[in-house]
Amino acid sequence: MNDQVYMAQALRLAEQGLYSTHPNPRVGCVVVADGQVVGEGWHVRAGEPHAEVHALRQAAGRAQGATAYVTLEPCSHHGLTPPCAEALVHAGVQRVVIAMQDPNPQVAGRGIAHLRAQGIQVDVLSGELSAAARGLNCGFVKRMEHGLPFVRLKLAMSLDGRTAMASGESQWITGPAARADVQSLRARSSAIITGAETVMTDNARLTVRAEQLPLSPELCELALSRPPLRIVIDGRLRVPTDLAFFTAGPVLVVTYQTPPENTAVIEYIQVPELNGHVDLSVLLGRLAQRGINELMVEAGPQLAGAFIQAGLVDELYIYMAAMLLGSSAQPLMQLPIELMADAVRLQILDMRALANDWRIIARPLAADV
């Protein structure tokens, strides 16, 4: 029972890294001696000490003979920081409880094996806490296991499933509470991707806005210190680069044409064409190679539908406003389906009110999460 309590505490610590550890996983650690927590820590930023190091420093000599609860298998290789498995050995920890094995091929059981070889008892949990640890790092896990980022498609619509008036007018469908929730979603993402039409029609910036983030000042500062990479798919290179999207900070432009030279703020990458559009599957593989764990899609009906059709969406975040926009307004996505048998079926994971709006989190049933 105590294992469950202390691991739950370690997971709460790991959650504090939700906005700042990219491309590393979010990890928490609790050190317990004689039934008392003597040290705790969480991984704050890539390149800085890992959770185990923070917890062991706090525990100091009390770590001798203690039990360490870690949400992810301690690393056993030298990266930007020394291996945490070795730090646990040197601290004299007697037992290590782990929520999940690290999917990183550089670790993948080696940390556990090293600890056991040094005479330390290692227990790997299963069940809800293990699933929670995996969910906390869904992007890191998917990138390591499948070579792809975890993709969230964000959509905002009226009760009758419309996203904008026929003229393109769309601001604002949802209220301040829903928009603040979207800011949190942006802040936790490694990258945000959109299409040329959204940038040109909405003059979108897709930045994280500090004044709308529902976070503590400390977490807000961390989130703003590692803003997500903003990406626009512009296959034909037709978006003017003097728009707000480009002047708001560094941007990655994806095209299937021969790209121009990179500038100080605009990086171009060329991806193969597929049916007159950028090949999204190839693009996601390229983004994973850049260390993108969680990718947020904020786009218009055509690109949103293309991600769904390609089977690349892991979760949908649908914000539903209490209004009707009418039959001439624009649909949620361009998704040509003629037969009921071809319908995209979803599993509802969560549904809750955000002031006068609703947020639905759903997962395509065919998605491999």
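Heads up: numbering here begins at 1 and tracks the sequence. For the numbers below, each heavy atom of this structure counts, side chains included, while hydrogens, waters and symmetry mates do not.
Taking 4.5 Å as the limit, every side-chain heavy atom of Asp234 sits out of range of all side-chain heavy atoms of Val254. Under the 4.5 Å side-chain criterion, counting only non-hydrogen atoms from C-beta, Pro74 is in contact with Leu115. Using a 4.5 Å heavy-atom threshold, the side chains of Tyr69 and Asp3 count as touching. You'll find the side chain of His114 stays beyond 4.5 Å of the side chain of Ile112, heavy atoms only. By the 4.5 Å heavy-atom criterion applied to side chains, Thr71 and Met100 are not counted as neighbours. Leu252 is listed as a side-chain neighbour of Ile269, based on a closest heavy-atom distance under 4.5 Å. Between Leu206 and Ile193 the shortest side-chain heavy-atom distance does not fall below 4.5 Å. In this structure, the side chains of Phe246 and Val239 come closer than 4.5 Å at one or more pairs of heavy atoms.
A donor-acceptor pair under 3.5 Å links the side-chain atoms of Thr255 to the main chain of Gln257, judged by distance alone. Counting only distance, with no hydrogens or angles, the side chain of Asp34 and the backbone of Gln36 share no donor-acceptor pair below 3.5 Å. Proximity of a side-chain donor or acceptor of Glu73 to a complementary backbone N or O of Gly111 within less than 3.5 Å is detected. With hydrogens and angles disregarded, a donor-acceptor distance shorter than 3.5 Å links the side chain of Thr198 to the backbone of Gly300. A donor-acceptor pair under 3.5 Å links the side-chain atoms of Arg179 to the main chain of Thr174, judged by distance alone. Side chain of Asn137 to backbone of Phe140: no donor-acceptor contact under 3.5 angstrom is found. With hydrogens and angles disregarded, a donor-acceptor distance shorter than 3.5 Å links the side chain of Asp160 to the backbone of Leu325. One N or O on the side chain of Arg26 and one on the backbone of Leu18 form a donor-acceptor pair closer than 3.5 Å. Here the side chain of Asp202 pairs no donor or acceptor atom with the backbone of Ala204 at under 3.5 angstrom. Side-chain atoms of Arg230 come within 3.5 Å of backbone N or O of Arg205 as a donor-acceptor pair.
Residues Glu40 and Gln58 bring no donor and acceptor atom of their side chains to less than 3.5 Å of each other.
A 6.0 Å sphere centred on CD of Glu86 holds more than 12 heavy atoms belonging to other residues, nucleotides or ligands.
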- Task: List the steps and the verdict of side chain to side chain contact (heavy atoms under 4.5 Å, CB included) for Thr194 and Leu303.
- Result: CA-CA 8 Å; Thr194 192; Leu303 186 56; 5.6 Å; no
- Item | Candidate pair Leu316 and Leu346, rule side chain to side chain contact (heavy atoms under 4.5 Å, CB included), full reasoning | CA-CA 9 Å; Leu316 295 91; Leu346 308 174; 3.9 Å; yes
- Message: The test is side-chain hydrogen bond (donor to acceptor under 3.5 Å, both in side chains); show your working for Asn262 and Tyr268 and say whether it passes.
- Response: CA-CA 6 Å; Asn262 292 342; Tyr268 295 88; over 6 Å; no
- Test side-chain hydrogen bond (donor to acceptor under 3.5 Å, both in side chains) on His22 and Ser190 and set out the steps. CA-CA 6 Å; His22 160 84; Ser190 307; 2.9 Å; yes
- Query: Where do Trp42 and Val27 land on the side chain to side chain contact (heavy atoms under 4.5 Å, CB included) test, with the steps shown first?
  - Reply: CA-CA 6 Å; Trp42 54 283; Val27 183; over 6 Å; no
- Worked verdict on Asp123 versus Gln121 for side-chain hydrogen bond (donor to acceptor under 3.5 Å, both in side chains): CA-CA 7 Å; Asp123 297 312; Gln121 178 184 342; 2.9 Å; yes
- Task: Using the side chain to side chain contact (heavy atoms under 4.5 Å, CB included) rule, take Ile192 and Leu229 through it: C-alpha gap first, then chi angles, then the decisive distance, then the call.
- Result: CA-CA 6 Å; Ile192 302 168; Leu229 174 65; over 6 Å; no
- Item | CA sep, side-chain torsions, deciding dist, call: Arg226, Glu221, salt bridge (charged side-chain N to carboxylate O under 4.0 Å, His left out) | CA-CA 9 Å; Arg226 298 187 72 85; Glu221 182 179 353; over 6 Å; no
- Task: Might you work through the salt bridge (charged side-chain N to carboxylate O under 4.0 Å, His left out) test for Arg352 and Asp181, ending with a clear yes or no?
- Result: CA-CA 12 Å; Arg352 67 185 61 196; Asp181 195 70; over 6 Å; no
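A salt bridge links Glu48 to Arg45: at least one charged side-chain nitrogen sits closer than 4.0 Å to a carboxylate oxygen. With salt bridges taken as basic N to acidic carboxylate O contacts below 4.0 Å, one links Asp350 and Arg359. Taking 4.0 Å as the cut-off between side-chain N and carboxylate O, Asp314 and Arg363 do not count as a salt-bridged pair.
Relative orientation of the His43 and His50 rings is perpendicular, given thresholds of 30° and 60° on the angle between their planes.
What you find for Ala187 and Leu213 is that their closest heavy atoms are CB-CD2, 4.0 Å.
Each of Lys154, Lys142, Arg152 was compared with Glu315 under the salt bridge (Lys or Arg N to Asp or Glu O under 4.0 Å) criterion, and only Arg152 meets it.
Legend: salt bridge (Lys or Arg N to Asp or Glu O under 4.0 Å) pairs involving residues 182-198, not counting sequence neighbours, sorted by first then second residue: Arg186-Glu298, Arg188-Glu294, Glu197-Arg238.
Hydrophobic clustering, with ILVMFWY side chains joined whenever heavy atoms are under 4.5 angstrom apart, keeps Phe150 apart from Leu185.
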